[in-house]
Amino acid sequence: METTLQLYSVTPHPQVEYWSVCKVEALFETPFLELIHRAALVHRENFNPQAIQLSTLMSIKTGGCPEDCGYCPQSARYHTGVQKQALLNVEEIVEKAKIAKSRGANRFCMGAAWRGPKPKDIAKMTEIIKAVKELGLETCGTFGLLEDGMAEDLKEAGLDYYNHNIDTAPEHYKKVIGTRDFDDRLSTLGKVRKAGLKVCCGGIIGMNENRKERAGFIASLANLDPQPESVPINQLVKVEGTPLADAEALDWTEFVRTIAVARITMPKSYVRLSAGRQGMSEEMQAMCFMAGANSIFYGDKLLVTGNSEEDSDQILMAKLDLEPETAENRYVPEPSQR
Ligand code: SF4
């Protein structure tokens with residue numbers, strides 16, 4: 001019997017259902033295994049559940065950031081031992097992008113620790129984006145708050161995605177970050193959409209927010225119109241020296257619930273396991289994939305030349321019979337094949 005492949009289009013996903021905080025909270029309250037089952041069904045209706053989108057993240061400018069994000073070791077306000085690194089040059093970045101591609105990544109994400117880029121930074125970034133794009137990789141940038149016209153310049157250079165997280169629930173925002181507002185984030189997200197860039201937008205859980213605030217965080221993401229193409233869900237990595245170093249521990253089931261709720265409320269978005277994954281057991285990660293996560297960040301260590309050993313991500317994917325997503329395998333299965 002012939003298999004019909006229906007290619008999945010990543011943009012845009014119109015927001016079709018309004019998600020009130022109460023409605024999202026009710027999802028969180030669903031019995032755990034029932035919630036996972038429901039999320040798994042939504043996952044299968046929209047994606048090939050065996051395919052995992054692989055992105056590689058490279059820090060192209062590290063540390064010395066003037067912002068005060070309570071979770072971030074790159075803030076200049078905290079003593080965390082992070083070594084400051086000025087913006088790398090094009091050749092260094094292209095070298096790493098080539099390695100990422102050879103290891104199966106199809107998207108190369110570049111992060112710079114700025115409140116926002118200056119016009120001279122944008123000029124340099126356009127050069128870098130063009131060079132990475134020429135390798136045949138999708139490009140993503142996370143450079144902070146954008147001024148008018150910057151998103152258009154990045155798009156023109158070939159940037160595919162812009163990452164700009166809403167971080168947490170609007171009600172919890174001021175407890176985590178004082179140097180900007182939730183609305184500042186929405187303003188940059190609006191500029192990014194207007195310029196025609198795809199949006200990668202998520203946040204962090206485990207920052208002392210309560211369940212209602214977690215529901216508010218997911219509702220805020222799900223009500224973006226259109227919904228983000230990629231939704232990174234990070235688990236707080238507690239870093240000594242940051243204000244959230246002693247944040248209350250979050251039970252693993254609550255993280256998995258958050259993934260499942262993200263999948264149900266944003267059915268066509270890639271839900272990405274991001275920061276904090278290194279601290280998760282294989283079993284917990286498998287549960288997240290069951291609950292609808294279908295994208296991961298490959299670690300920086302993969303960007304070291306000559307690293308030919310299988311890394312823990314590849315080992316886990318092999319154990320779970322998962323494969324890197326390609327244009328050929330990212331299909332929406334026909335109902336009869338689910
Ligand atoms: S803006 Fe980014 S780099 Fe700067 S402190 Fe916040 S999270 Fe860290």
Side-chain angles (χ1 to χ4, degrees), residues 10-11 13 39 43 47 51-60 69 71-74 100 105-113 138-144 159-169 172-173 176-177 182 185-186 188-189 192-193 197-207 209 214 216-224 226-237 244 250 254-280 284-285 288-289 291-300 313 324-325:
V10 294
T11 106
H13 313 318
H43 188 186
F47 291 96
I52 300 290
Q53 192 273 325
L54 300 180
S55 295
T56 304
L57 174 65
M58 179 182 185
S59 178
I60 59 170
C69 310
Y71 51 83
C72 184
Q74 300 202 58
N106 60 12
R107 192 180 308 166
F108 191 67
C109 309
M110 296 165 274
E138 287 186 324
T139 52
C140 176
T142 180
F143 311 138
L159 192 71
D160 296 298
Y161 286 79
Y162 195 74
N163 164 263
H164 200 61
N165 290 338
I166 58 166
D167 301 302
T168 186
H172 192 58
Y173 208 80
V176 178
I177 300 148
F182 191 81
R185 301 303 265 188
L186 296 183
T188 285
L189 285 168
V192 167
R193 274 292 182 213
L197 288 162
K198 294 173 202 167
V199 168
C200 172
C201 181
I204 306 175
I205 68 163
M207 299 195 294
E209 76 284 348
R214 266 190 294 287
F217 160 60
I218 295 290
S220 298
L221 289 170
N223 290 329
L224 290 173
Q227 294 186 329
E229 283 81 2
S230 286
V231 179
I233 304 288
N234 301 280
Q235 175 158 271
L236 176 70
V237 178
L244 284 166
L250 192 73
E254 194 63 16
F255 185 85
V256 178
R257 276 182 199 272
T258 309
I259 295 288
V261 173
R263 168 52 64 220
I264 293 167
T265 55
M266 292 170 275
K268 293 187 186 302
S269 303
Y270 284 81
V271 175
R272 178 177 305 135
L273 296 183
S274 300
R277 196 167 58 85
Q278 307 311 325
M280 296 175 196
M284 180 177 166
Q285 291 186 60
C288 289
F289 294 133
N294 63 343
S295 172
I296 59 172
F297 264 136
Y298 250 9
D300 274 20
D313 293 334
E325 187 196 77

K.L.:
To the closest 0.5 Å, what do you measure between CE (M284) and CZ (F289)?
P.N.:
11.0 Å
K.L.:
Answer yes or no: is there a donor N or O on one side and an acceptor on the other, between the side chain of R185 and the main chain of H164, under 3.5 Å?
P.N.:
no
K.L.:
For R272 and C200, work out which heavy atoms get closest and say how close.
P.N.:
NH1-SG, 3.6 Å
K.L.:
Do R214 and R257 have side chains that approach each other closer than 4.5 Å (heavy atoms only, starting at C-beta)?
P.N.:
no
K.L.:
Do N223 and T265 have side-chain heavy atoms sitting under 4.5 Å apart?
P.N.:
no
K.L.:
When rounded to the nearest 0.5 angstrom, what distance separates OG in S274 from CD1 in I296?
P.N.:
9.5 Å
K.L.:
If every non-hydrogen atom of G111 is compared with every non-hydrogen atom of L57, which pair is closest and at what distance?
P.N.:
N-CD1, 4.3 Å
K.L.:
Do side-chain atoms of D160 reach the backbone of C140 as a donor and acceptor pair under 3.5 angstrom?
P.N.:
no
K.L.:
Testing the basics here: between L221 and C201, what is the closest heavy-atom pair and its distance to 0.1 Å?
P.N.:
CD2-O, 3.4 Å
K.L.:
My understanding is that only residues two or more places apart in sequence, or in another chain, count here; which of them pass side-chain contact (heavy atoms from CB on, under 4.5 Å) with T142?
P.N.:
N163
K.L.:
Side chains of I218 and I233: does their closest heavy-atom pair fall under 4.5 Å?
P.N.:
yes
K.L.:
Do E229 and R193 meet the salt-bridge criterion of a basic N to acidic O distance under 4.0 Å?
P.N.:
yes
K.L.:
Tell me, do R277 and C288 make a side-chain contact under 4.5 Å, heavy atoms counted?
P.N.:
no
K.L.:
I need the minimum non-hydrogen distance between F47 and P267, along with the two atoms involved.
P.N.:
CE1-O, 3.4 Å
K.L.:
Do V176 and E209 make a side-chain contact, defined as non-hydrogen atoms from C-beta onward lying under 4.5 Å apart?
P.N.:
no
K.L.:
Measure the spacing between NE2 of H172 and CD1 of I177 and express it to the nearest 0.5 Å.
P.N.:
9.5 Å
K.L.:
Can you list the steps and then say if T188 with Y162 is a side-chain contact (heavy atoms from CB on, under 4.5 Å)?
P.N.:
CA-CA 10 Å; T188 285; Y162 195 74; 4.2 Å; yes
K.L.:
Return the OG to CD1 distance between S295 and I52, rounded to the nearest 0.5 Å.
P.N.:
8.0 Å
K.L.:
Which heavy atom of S269 sits nearest to which heavy atom of N294, and what is that distance?
P.N.:
O-OD1, 4.3 Å
K.L.:
A side-chain contact here means heavy atoms from C-beta on lying under 4.5 Å apart; do K198 and S230 qualify?
P.N.:
no
K.L.:
Nearest 0.5 Å please: distance from the CD atom of Q53 over to the CG atom of N106.
P.N.:
5.0 Å
K.L.:
Give, for atom CZ of R107 and atom CD of E138, the distance between the pair rounded to the nearest 0.5 Å.
P.N.:
5.0 Å
K.L.:
Keeping N165 on the side-chain end and G202 on the backbone end, is there a donor-acceptor pair under 3.5 Å?
P.N.:
yes
K.L.:
Evaluate the side-chain proximity of V261 to I264: yes if any heavy-atom separation is below 4.5 Å, no if none is.
P.N.:
no
K.L.:
Using side chain to side chain donor-acceptor pair (under 3.5 Å) as the criterion, list what pairs up with Y173, not counting sequence neighbours.
P.N.:
D167, R180
K.L.:
Answer whether the closest heavy-atom distance between the side chains of H43 and V271 falls below 4.5 Å.
P.N.:
no
K.L.:
Restricting to non-hydrogen atoms, name the atom on F217 and the atom on I205 that form the minimum distance, rounded to 0.1 Å.
P.N.:
CE2-CG2, 3.9 Å
